[in-house]
Peer 1: 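Below is one structure. I have some questions about it.
Atoms within each ligand, like the ligands themselves, are counted from 1 in listed order.
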Amino acid sequence: MGTYQIGVLEGDGIGPEIMEETIHVLEEVQTQTSNLALHFKYLPIGLQAYHRQGVTLPRETIDSLKAMDAGILGPLSTHAYDISNSNMVNPSGFLRKELDLYANVRPAKTYHGVPSLFSGIDLIVVRENTEGMYADRNLYDHSGEFMPDPDTVLSLRLITRKASKRLAKIGIELAAARKKHLTIIHKMNVLRKGCGLFYESCQKIGEHYPDIFIDDYHVDAFAMHLVQHPQDYDVIVTTNMFGDILSDQTAGLIGGLGLAPGLNAGDSFLLAQATHGSAPDIAGKNIANPVSEILSAKMMLEWLGIRHQDPQALQAAYAMEKAVEKALADGNGTKDIGGNLSTKRFGQYITQSLNSLE
Ligand code: ATP
């Protein structure tokens, strides 16, 4: 029996709306899958936690997650947090660091029934998640941005061999199970040492996988290749900020952020989290697309299935993806992908689709 303790962190903005539908889908897939038990526990996070408990990431949330198998995190309105307030940490960045969730795995795939710029895209951006340019996680203490005077800012970028190698390993193992093509993205003509170390570390890992085709590009040139022939790529490994930007670009290529899932993966914990932010422009309107979070939860089950050698979790993940594919192919969806269903109605359609899978 695969029994998993799952933390549910609703997040800000559209988070609670898309999470509700995600949990409905998970509950339904659980009832349909024998020997799969998902125990959900809601944990405080984000602005709700701040208003109730005075902190955006309560200690109880961190400690509870550490005792669980995985979590599902909604998006967070970190742009609205006061960074000078030590009780308003960015929970997403903090959890990635604290739980050592070093790989942010962000797939982009085209779906029948969804208007997109191209057909036949099926790629994954694997983004380093714990260091790089992001000032909230590249120092042990304080921020990686400094102001020597009011008109000057210095920003640090952290790249280590250890983080680069373990990220490359995740990427290359994904490629080995897919189209056997790994693309390393860097900017080592300018960032010679940092990107040079990242590139060299990835190549070193690649030496152990002679059947994987490995190529590499400067990030600027790659941004162009990606919009010209995105079907040519399989697994892309890159540093934190490049990966953050490129994964929004790949989401745009397949129909938008509402379809873009993600998983923060460490060696002992998994945190499902859609690629997008909290979308304040549409929050509370019941129009957000829940697919991004539903497919993130599907990735969580898939990875749990692989790690625990649990065919039931794998089967449940497969069923969730098929249900989403069916709903989209039937021409259903929210406004962002050209449909007219509400978040709730679309979520219900996906849940019902689980029942009508062949
Ligand atoms: P962050 O920096 O926190 O990732 P962002 O600035 O990239 O945030 P998002 O919140 O991701 O901004 O929103 C970008 C755009 O995508 C907005 O117009 C938003 O409404 C839209 N969007 C994001 N997620 C969804 C979704 N699930 N369904 C529909 N539209 C979405």
Peer 1: Give a yes or no on whether the ring-centroid distance for F222 and F242 is below 6.0 angstrom.
Peer 2: no
Peer 1: Please determine whether a side-chain nitrogen of the Lys or Arg among K180 and D234 lies less than 4.0 Å from a carboxylate oxygen of the Asp or Glu.
Peer 2: no
Peer 1: For D136, is there an ion pair with K97 - N to carboxylate O distance below 4.0 angstrom?
Peer 2: no
Peer 1: Got a salt bridge between D267 and K169, using NZ or NE/NH1/NH2 to carboxylate O under 4.0 Å?
Peer 2: no
Peer 1: Using distance alone, with no hydrogens and no angle criterion, decide if R96 and Q273 have a side-chain donor and acceptor under 3.5 Å apart.
Peer 2: yes
Peer 1: Salt bridge check, E173 against R178: does any charged N sit closer than 4.0 Å to a carboxylate O?
Peer 2: no
Peer 1: Check each heavy atom of I14 against ligand 1 and say whether those closer than 4.0 Å belong to the side chain, the backbone, both or neither.
Peer 2: side chain
Peer 1: Decide, yes or no, whether a salt bridge links K66 with E98 under the criterion of side-chain N to carboxylate O below 4.0 Å.
Peer 2: yes
Peer 1: Tell me: protein heavy atom nearest atom 24 (N) of ligand 1, and distance?
Peer 2: H276 CG, 3.1 Å
Peer 1: For atom 30 (N) of ligand 1, which protein heavy atom lies nearest, and how many Å away is it?
Peer 2: I282 CD1, 3.5 Å
Peer 1: Determine whether any protein heavy atom is located less than 4.0 Å from atom 6 (O) of ligand 1.
Peer 2: no
Peer 1: What is the closest protein heavy atom to atom 18 (O) of ligand 1, and at what distance does it sit?
Peer 2: D281 OD2, 2.9 Å
Peer 1: Please write down residue, atom name and distance for the protein heavy atom closest to atom 14 (C) of ligand 1.
Peer 2: L257 CD1, 3.8 Å
Peer 1: Compute whether any side-chain donor of one residue and acceptor of the other, for Q32 and N355, lie under 3.5 angstrom apart.
Peer 2: yes
Peer 1: Quick check on atom 16 (O) of ligand 1 - does any protein heavy atom sit closer than 4.0 Å to it?
Peer 2: yes
Peer 1: If we only consider heavy atoms of I18, is any one of them less than 4.0 Å away from an atom in ligand 1?
Peer 2: no
Peer 1: Among all protein heavy atoms in this structure, tell me which lies nearest to atom 27 (N) of ligand 1, with the distance rounded to 0.1 Å.
Peer 2: N289 O, 3.0 Å
Peer 1: Do me a favour and list the nearest non-hydrogen protein atom to atom 11 (O) of ligand 1 with residue, atom name and distance?
Peer 2: G277 N, 2.6 Å
Peer 1: Could you tell me the residue and atom name of the protein heavy atom closest to atom 21 (C) of ligand 1, and the distance to it rounded to 0.1 Å?
Peer 2: A279 CB, 4.5 Å
Peer 1: By number and element, which atoms of ligand 1 are closer than 4.0 Å to a non-hydrogen atom of G258?
Peer 2: 26 (C), 27 (N), 28 (N)
Peer 1: Which atoms from ligand 1 have a heavy atom of S278 less than 4.0 Å away?
Peer 2: 10 (O)
Peer 1: Closer than 4.0 angstrom, basic N to acidic O: yes or no for K204 and E200?
Peer 2: no
